[in-house]
Amino acid sequence: MPELPEVESIAQALRDGKLSLLASCVQRVDVLWDGVLSGISVVDFKRRLDRAVFRSIDRHGKYLLFGLDPAGSSVKRFFLVIHLRMTGRLVMSAATDGHDRYNRLSLLLDNGTCLRFDDPRKFGRVWLVDEPSQVTANLGPDALTIGNEEFAVRLAAHQRQLKPLLLDQSFLAGIGNIYADESLFRCGLHPLTNSGDLSSSDVRRLHGAVAAVLKEAVASQGANIDGVFKAGRFIVNVYGRQGQPCPVCATVIVKTRVGQRGTHFCPNCQPAPPGRRNQGSRCLTLPTMVVT
DNA sequence: CACTCTACCTGTGCGC
DNA sequence: TGCGCACAGGTAGAGT
C-alpha cells in the first residue's frame with residue numbers, strides 16, 4: 001500500500017539510484033493488461049513511448065510523474081504518470097528476465113534493464129499526457145511540503161471529521177490510511193474530531209504531526225508493518241496494532257471504522273471529541289520509533 | 001457541502 | 001483438505 005513516503009522513495013531510487021532511469025531510452029513497450037492504461041489506447045501508448053528518453057522524475061501526492069522526450073528532439077516533452085494504488089510496484093530487472101504473473105506493463109530500456117509495473121490487484125493506473133496537471137488537477141497541495149499557513153487556511157474551509165479529511169486527496173495529496181492514523185496518533189487527536197472544532201494550536205500540532213511523520217517515513221524509505229507491508233524501516237505506532245499496548249501509555253490500541261476505513265487509535269492518548277469544542281491541547285513526546 | 005455506499009480487484013486468513 | 005466469505009484499501013462516481 002504505497003503512500004507518499006513509499007512513492008517518494010521509489011522516485012528517489014529511480015532518479016538517483018545506481019539504476020537511474022534518467023537518460024535511458026525506451027526500446028520496446030509491452031502492455032500485458034490493457035486495463036492498466038487510462039485515457040489512451042494500447043496502440044497510441046506504444047507509438048508515443050517508443051524511442052522516448054526519460055528526462056525527469058517527480059511526484060505529486062501518490063502519483064509518479066515521468067517526463068520524457070520523444071525520439072525527434074524538436075517534439076514537445078510529455079509525461080508518463082503512474083499511480084500504484086494498493087498493490088502496485090515498479091521493478092527494475094534484467095531485460096533477459098521473463099514477465100511474471102502480475103506484470104501489467106513492461107518497458108525495455110537501452111541500458112539492458114527493464115522497468116516493470118507489477119500489480120496483482122489491477123488497481124494501479126498509467127496515463128500518458130502532455131501535462132501532469134491533466135491527471136493531478138484535482139489534487140490538493142503535496143502533504144510533504146505544504147506549509148503551516150496554507151494548511152490552516154485549507155483546513156478552515158471545511159467542517160469534517162479529521163480522518164476522512166486527511167484521506168481526501170483534494171484536501172491534501174499523499175496521505176493514505178497508514179499515515180492518517182499515525183499522524184493523528186502523533187498529535188493526540190481523535191479520528192472523529194471535527195476539523196471545525198480545532199483551536200489554532202491544535203491545527204499547528206496536526207500540521208506538525210503530518211510533516212514529522214511523513215519526513216521520518218521518507219527518511220526510513222517507507223513503512224514496515226509486522227509481516228504485512230515492508231517497504232522500508234518506518235515503524236508504525238498504531239496502524240494494524242489493535243489489541244497491542246500503546247507505545248506511549250500502554251493502553252490497548254483500538255480499531256474502529258471511520259468512513260468505511262479501518263481506523264486505529266489509542267483511546268487514552270487520543271480522547272474522543274466531546275460533541276463540540278475540543279478540550280485543551282495535549283502534546284506527546286515520542287521516542288524515535290525508527291530502528292535500523 | 002458532508003457523508004455513505006458501491007464498484008473495481010485478488011491474495012490472505014478465518015471459521016466450519 | 002477445502003470451501004465460502006469477510007477483509008484489506010485508493011479512488012471515482014452515484015446517491016442521501
Side-chain angles (χ1 to χ4, degrees), chain A residues 1-8 10 32-39 59-65 81-90 100-105 117-127 129 132-140 142-144 153-184 190-198 214 217 222-231 236 238-243 253-265 273 275-276:
Chain A
M1 14 190 131
E3 301 181 25
L4 186 152
E6 291 78 22
V7 177
E8 175 64 21
I10 293 165
L32 302 154
W33 177 62
D34 293 5
V36 76
L37 302 184
S38 185
R59 177 195 60 73
H60 187 158
K62 304 169 197 169
Y63 290 77
L64 281 161
L65 316 170
V81 179
I82 299 181
H83 196 307
L84 301 171
R85 294 273 179 96
M86 294 295 304
T87 50
R89 293 189 310 149
L90 288 180
D100 80 15
R101 190 177 170 192
Y102 300 122
N103 285 164
R104 307 302 177 195
L105 176 66
F117 178 45
D118 188 82
D119 186 18
R121 269 159 142 173
K122 299 183 172 177
F123 270 31
R125 290 294 179 270
V126 169
W127 296 258
V129 288
S133 61
Q134 290 171 253
V135 178
T136 62
N138 293 328
L139 295 182
D142 191 81
L144 188 60
V153 168
R154 294 184 72 83
L155 195 105
H158 298 278
Q159 294 269 339
R160 295 180 64 183
Q161 294 169 343
L162 290 181
K163 174 74 189 273
L165 182 60
L166 288 177
L167 290 176
D168 185 341
Q169 302 298 298
S170 68
F171 169 66
L172 206 54
I175 299 178
N177 211 29
I178 298 168
Y179 295 107
D181 284 0
E182 294 301 313
S183 297
L184 289 170
H190 191 281
L192 289 176
T193 308
N194 192 290
S195 59
D197 292 341
L198 297 182
L214 292 180
N224 183 336
I225 298 168
D226 280 355
V228 180
F229 180 63
K230 47 209 179 305
V236 294
V238 289
Y239 182 85
R241 296 195 65 246
Q242 61 273 19
I253 290 167
V254 167
K255 178 175 183 181
T256 56
R257 272 189 112 67
V258 177
Q260 321 302 120
R261 313 301 300 282
T263 297
H264 316 74
F265 67 98
R276 295 205 65 77

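The backbone N or O of V238(A) sits less than 3.5 Å from a side-chain atom of E182(A), completing a donor-acceptor pair. With Q260(A) contributing its side chain and V258(A) its backbone, the two residues share no donor-acceptor pair below 3.5 Å. Remark: the backbone N or O of D119(A) is paired with a side-chain donor or acceptor of R104(A) at under 3.5 angstrom.
Contact annotation for G124(A): no contact, since no heavy-atom pair falls under 4.0 Å across all strands. Nucleic acid contact class of R101(A) (heavy atoms, under 4.0 Å, all strands): sugar-phosphate only.
Note on Y102(A): a side-chain N or O is less than 4.0 Å away from OP1 or OP2 of dG11(B). Contact check, H158(A) against dA2(B): a side-chain N or O comes under 4.0 Å of OP1 or OP2.
Comparing dG11(B), dG9(C), dG10(C) by their closest approach to the side chain of Y239(A) singles out dG9(C). Closest to the M86(A) side chain, of the nucleotides dT11(C), dG11(B), dG9(C), is dG9(C).
Distance R257(A) CZ to dA6(C) P: 13 Å, rounded to the nearest Å. dG10(C) atom P lies 14 Å from atom CG of L139(A), rounded to whole Å. Counting to the nearest Å, the P atom of dA12(C) and the CH2 atom of W127(A) are 8 Å from each other. Computed from coordinates, the L84(A) CG to dT11(C) C1' distance equals 14 Å when rounded to whole Å. Across the protein-nucleic acid pair, R154(A) atom CZ and dC1(B) atom C1' stand 15 Å apart, rounded to whole Å. The NZ-P distance, from K255(A) to dA6(C), rounds to 15 Å in whole Å. Residue R89(A) contributes atom CZ, which lies 18 Å from atom C1' of dG9(C) at whole-angstrom precision. Following rounding to the nearest Å, K62(A) (NZ) and dG10(C) (C1') show an atom-to-atom distance of 6 Å.
For H60(A), there are no ring-ring contact (aromatic ring centres under 6.0 Å, His included) partners, not counting sequence neighbours. Annotation: side chain to side chain donor-acceptor pair (under 3.5 Å) contacts of R59(A) (sequence neighbours excluded): E8(A), D142(A). Partners of D168(A) by salt bridge (Lys or Arg N to Asp or Glu O under 4.0 Å), not counting sequence neighbours, listed by chain and number: R160(A).
Note on ring orientation: taking the six-membered ring where Trp is involved, the planes of H83(A) and Y63(A) are perpendicular (angle over 60°, cut-offs 30° and 60°).
For the pair L155(A)/L165(A), a side-chain contact is recorded, criterion being any heavy-atom separation below 4.5 Å from C-beta on.
For the pair A157(A) and W33(A), both in contact range of DNA chain B, the more 5′-proximal nearest nucleotide belongs to A157(A).
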For residues 172-180 of chain A, dump all side-chain donor-acceptor pairs below 3.5 Å to protein atoms at least two apart in sequence or in another chain.
residue : atom : partner : partner atom : Å
N177(A) : OD1  : K163(A) : NZ           : 2.7
N177(A) : ND2  : G262(A) : O            : 2.9
Y179(A) : OH   : E6(A)   : OE2          : 2.8
Y179(A) : OH   : A223(A) : N            : 3.3

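Within residues 162-172 of chain A, the residues that place at least one heavy atom under 4.0 Å from DNA chain C are, in residue-number order, Q169(A).
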Extract from the structure each pairing of a protein N or O with an N or O of nucleotides 4-8 of chain B at less than 3.5 Å, listing the distance.
residue : atom : partner : partner atom : Å
dC5(B)  : OP2  : Q260(A) : OE1          : 2.7
dC5(B)  : OP2  : Q260(A) : NE2          : 3.3

Yes or no on side-chain contact (heavy atoms from CB on, under 4.5 Å) for N194(A) and Q159(A), after CA distance, side-chain angles and deciding distance? CA-CA 6 Å; N194(A) 192 290; Q159(A) 294 269 339; 3.4 Å; yes
